[in-house]
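Since the structure is predicted, the reported quantities are computational estimates derived from the model, not experimental observations. Note on naming: letters A, B, ... go to the chains in the order of the sequence lines (proteins, then strands), and numbering restarts at 1 for each one.
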Amino acid sequence: MPPKRKATTAAGGRAAKRVASGVNTPVSMGSSEDDYTDTVGAEASETEAEDLKKLISKFSASSYRQKNHSAGNVGDAASRLFKRDRDLSSLTLKPDHVNRPLWLDPDRGRIVMETFSPSFKQAQNFLINVAEPQSRTTNVHEYTITGHSLFAAVSVGLTTNDIIRQLEAFSKTKLPEGLKEFIVTNTQSFGKVRLVLKHNSFYIESQDAAVLQTLLRDEVIGPCRIEGAEEISTEKASKMAGLVIPGTKMAAGARQANEKPVERLRDKDDDDDDDEFNDAEAEKDMTEFLRDEDDDDETDQVHSFQVPGSHIQKVQERCNQLGLPLTEEYDFRNDDVNANLVIDLKPTAQIRYYQEHALNKMFGNGRARSGIIVLPCGAGKTLVGITAACTVKKSVIVLCTSGMSVVQWRAEFLKWSNINPDDIATFTSDHKDKFNDKAGIIICTYSMVTQASRRAHDSQVVMDFIMSKEWGLMILDEVHVVPAEMFRKVTEKVATHSKLGLTATLLREDDKIKDLNFLIGPKLYEANWLQLSEEGHIARVQCAEVWCPMTTEFYTEYLRTKNTNKRSLLSTMNPRKYQACQFLIDFHERRGDKVIVFSDNVYALKKYALKLGKAFIYGDTPPHERIRILENFQLNPDVNTIFLSKIGDTSLDLPEATCLIQVSSHYGSRRQEAQRLGRILRAKRRNDEGFNAFFYSLVSKDTNEMFYSSKRQAFLVDQGYAFKVITHLNGIDQMPKLAFSTGLERRELLTDVMLQNETAGDVEKIEGDLFGERQGRPSGKKGARRTAGTLSELSGGQDMAYVEYNKSRNKELKGKGGPQNAFIRKLKRDAEKRKAAARSLQ
DNA sequence: CACCCCGTAA
DNA sequence: TTTGGTACGGGGTG
């Protein structure tokens, strides 16, 4: 990849998207009335297999354009780096540059890595420690060195020299001076100041009293100190003090372990993982050795001042700004104040290599470092958390976003570890347990801990218990929610020695994500999605964006209104989008896929589902009905498609679907897009020969959806997913019973859409006018929505055309009591039999 | 239990 | 160029 690649800049990732969304796209979905005449009776002449072949060939041939780069088009993901003044060609290359994978941007800390380089694996293992992955596509990875990433590197045990030496070794050019300086200035002060928990109080601690003096003179930190006899107390550093100071010699142990000269390259990639593990073992021994030495020879003094829990965040944030981030490490093996917990992994629990890598980052020097581990959905985040708990062996508090995942975490703990069930308690609104022994695990929801007012009596009791205890480890599930105003309170309410944050998508659309650096700790590990799916740990997914032109009726209305809600509703109700959805469901059901359709908008959700005769779940669906529908989806061969609102993004335990269709979504939320894709990464069938999961995003052409869609995909594109654009679904013209194929039907739909939209607004206004103070029913919103629903039903006349289809599949699946349950039981038995048969075949 | 209300998140 | 429908968990009530 010579630097002169800048010549082809325009072909780069999102630039291609702009080209594709331009004017002259090959649309063959038809724009004339004729294309939509009823095709019932014109049975498709081909067999299913031929159908499949045809569609798949379409996917890989002429009717799509790849927005992302593809193999053979090396370097497009990085090409934006080489624009204008980003030309690196002036730099002189080392003679053996071909064997070195890194391009270093002298000014901005950007690093571009060639994945086809012979020393790629080593370089990647190193880079993941010191830089933030920005984008990791097939041939090129892009990283950035930042203050935070260097903090993470130092806290993982690397020294300034390690970083500089290894960067130099992997770089194609001489290490730029500016970058070297940046690394030096940013790493020097790290690790000087620590946050320590002692006897349920927080202390800011350092070996250097002068640093503490400086902090106390700071206008923000100074007033936070708890008034005591002494301003700064000094004691001899000892094991009993809770936290042993990470001396530089400790880092030396880690340095040796991390060092891997480029010259000593090995061909076999797989060996690498085992080596890393052994190195970590060696590292631990070294740590032990050094610790003993420290205690014998040195009489280090530790200085500290106390800060109340309520001010911790302020101090942490300020220290971050001052370039002196607080290190949090828990020397759990030498903590004999807090009781030990009897817990171990079951021998059957097998940790995968990347989980081990992640845990090595956390426990690399024999202590628990606070930080964040990022793994895609289905890659075993829970097991990482459980293994961490089994390592620390102290009381653990696990925080989840929903009651469902509380239950799941408990089940997983029982599945993977030998923990005594009496030692795990759950704490939610309908289950308020404590554990009886001195040490234990408590699993609860964020809101249970953060709720400030209106406490039920027995939850106050449990809350007091939690706050009175000193916790060894706090596991924060879905840690990306923590920066929220309310949820961030957990870190000040619960006194814990270490924190482990877990998430699949360390993303927010606001800028609060950086707060996690001081709220939890640095990002310790981030898995490479592409690599995991190539290795079969998560499913391979084909992503496609399907462009659906707007019908003239809908587009006219779209242009006529400036109201964004109305506009987005028109875009999602676009009849041609509905047709595309109908076609794709049919296609994939016949292929044997289980299909989930997502729609954020519940009006659209119901309309689509009812007309297609599929079951749907959204917020108001009562729990028993949800379960029934999900069971049927999982077991009943006749139920292969369900519709979900954004309920499916987070809080549903979804069965193993293999195909996903997105009809409407939430603006430009990258997290939602990634999370939805995550729903199919678990697919059990993923290791079948040639298995692919499918992810479709239906987008109405020439609407705002186009813009948001590309925003939403940004994260996945950076993870290496290639989104293909499909402008025509081959065979849709021959589709029997294609909906909305007449102008009349489409106009009826439009009327319904417009009515739905207006009534919601009107009713609220009327209610306000009529009742002024709105006595008796303080929440006008709920009433308004209900009324709107009724009015929409009253609009009856136009709905006549739908009546024959508009039968709720939900009701069919709902029934209660004996017969239905017996049916489900039979399905379950059948499924068991099939599984057993499959096992005996192997 | 079934229902409502409330605050909060994204 | 960037908003607010929707859904949740928690607390009550009869």
Just call it for [X]: base, sugar-phosphate, or nothing, with non-hydrogen atoms closer than 4.0 Å on any strand.
{"X": "A/Asp600", "value": "sugar-phosphate"}
{"X": "A/Glu485", "value": "sugar-phosphate"}
{"X": "A/Gly403", "value": "sugar-phosphate"}
{"X": "A/Lys432", "value": "sugar-phosphate"}
{"X": "A/Thr450", "value": "nothing"}

Could you go over nucleotides 1-3 of chain B and give all protein N or O partners under 3.5 Å, atom names and distances?
none

In whole Å, I'd like the distance from the [atom1] atom of [X] to the [atom2] atom of [N].
{"X": "A/Met404", "N": "C/dG10", "atom1": "CE", "atom2": "P", "answer": "14 Å"}
{"X": "A/Lys512", "N": "B/dT8", "atom1": "NZ", "atom2": "C1'", "answer": "11 Å"}
{"X": "A/Gln672", "N": "B/dA9", "atom1": "CD", "atom2": "C1'", "answer": "13 Å"}
{"X": "A/Gln451", "N": "C/dG11", "atom1": "CD", "atom2": "C1'", "answer": "7 Å"}
{"X": "A/Asn704", "N": "C/dT2", "atom1": "CG", "atom2": "C1'", "answer": "10 Å"}
{"X": "A/Leu569", "N": "C/dT3", "atom1": "CG", "atom2": "C1'", "answer": "15 Å"}
{"X": "A/Arg488", "N": "B/dA9", "atom1": "CZ", "atom2": "P", "answer": "11 Å"}
{"X": "A/Asp649", "N": "C/dA7", "atom1": "CG", "atom2": "P", "answer": "10 Å"}

Whether [X] side chain and [Y] backbone form a donor-acceptor pair below 3.5 Å:
{"X": "A/Asp423", "Y": "A/Ile441", "result": "no"}
{"X": "A/Arg679", "Y": "A/Cys659", "result": "no"}
{"X": "A/Arg508", "Y": "A/His480", "result": "yes"}

**Message:** Looking at A/His311, I'd like to know if its NE2 atom is crowded, meaning that more than 12 non-hydrogen atoms belonging to other residues, nucleotides or ligands lie closer than 6.0 Å.
**Reply:**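 Yes, enclosed.
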**Message:** Under the side chain to side chain contact (heavy atoms under 4.5 Å, CB included) test against A/Phe598, which residue among A/Val663, A/Leu660, A/Ile647 passes?
**Reply:**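 Between A/Phe598 and the candidates, side chain to side chain contact (heavy atoms under 4.5 Å, CB included) is satisfied uniquely by A/Leu660.
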Between [options], which nucleotide gets closest to the side-chain atoms of [X]?
{"X": "A/Thr445", "options": "C/dT2, C/dT1, C/dG9", "value": "C/dG9"}
{"X": "A/Tyr618", "options": "B/dA9, C/dA7, C/dG10", "value": "C/dA7"}
{"X": "A/Ile647", "options": "C/dA7, B/dT8, C/dG9", "value": "C/dA7"}
{"X": "A/Arg626", "options": "C/dG10, C/dT6, C/dC8", "value": "C/dC8"}
{"X": "A/Ser402", "options": "C/dT2, C/dG9, C/dG11", "value": "C/dG9"}

**Message:** Under 4.0 Å, heavy atom to any atom of DNA chain C: which of residues 514-521 of chain A qualify?
**Reply:**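 Nucleic-acid contacts, sorted: none.
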**Prompt:** Tell me, which of residues 454-464 of chain A have any heavy atom that sits under 4.0 Å from an atom in DNA chain C?
**Reply:**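 Those residues are A/Arg454, A/Arg455, A/Ala456, A/Ser459.
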**Prompt:** Does the side chain to side chain contact (heavy atoms under 4.5 Å, CB included) test come out yes or no for A/Arg676 and A/Ile596, once each step is laid out?
**Reply:** CA-CA 10 Å; A/Arg676 286 182 172 177; A/Ile596 293 175; over 6 Å; no
**Message:** Measuring centre to centre across the rings, with the benzene-like ring taken for any Trp, is A/Phe427 within less than 6.0 Å of A/Phe435?
**Reply:**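 A/Phe427 vs A/Phe435: aromatic centres not under 6.0 Å.
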**Asked** side chain to side chain contact (heavy atoms under 4.5 Å, CB included) between A/Ile585 and A/Phe643: does it pass, once the steps are laid out?
**Response** CA-CA 11 Å; A/Ile585 289 173; A/Phe643 278 68; 4.0 Å; yes
**Message:** Would you call the rings of A/Tyr555 and A/Tyr558 parallel, tilted or perpendicular, taking 30° and 60° as the class edges?
**Reply:**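 Parallel.
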**Prompt:** Should the ring pair A/Phe740 and A/Tyr578 be called parallel, tilted or perpendicular, given that the plane angle runs from 0 to 90° and is split at 30 and 60?
**Reply:**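 Perpendicular: the ring planes of A/Phe740 and A/Tyr578 meet at over 60°.
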**Request:** Output yes when A/Arg560 and A/Glu557 qualify as a salt bridge under the 4.0 Å nitrogen-oxygen rule, no when they do not.
**Result:**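 Salt bridge flag = yes for A/Glu557 with A/Arg560.
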Measuring to OP1 and OP2 of [N], would you say a side-chain N or O of [X] lies under 4.0 angstrom away?
{"X": "A/Ser429", "N": "C/dG10", "answer": "yes"}
{"X": "A/Ser645", "N": "C/dA7", "answer": "yes"}
{"X": "A/Lys606", "N": "C/dT6", "answer": "no"}
{"X": "A/Ser447", "N": "C/dG10", "answer": "yes"}

**Asked** Considering only heavy atoms and no angle criterion, is a donor-acceptor pair shorter than 3.5 Å present between the side chain of A/Tyr667 and the base of C/dT3?
**Response**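 Indeed, a donor on one side and an acceptor on the other fall under 3.5 Å apart.
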**Item:** Row check, A/Phe633 ring normal vs A/Lys594 NZ/CZ: under 6.0 Å, within 45°
**Value:**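 Yes.
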**Item:** Any side-chain donor near an acceptor of the partner, A/Thr144 and A/Glu132, under 3.5 Å
**Value:**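 Short answer, no.
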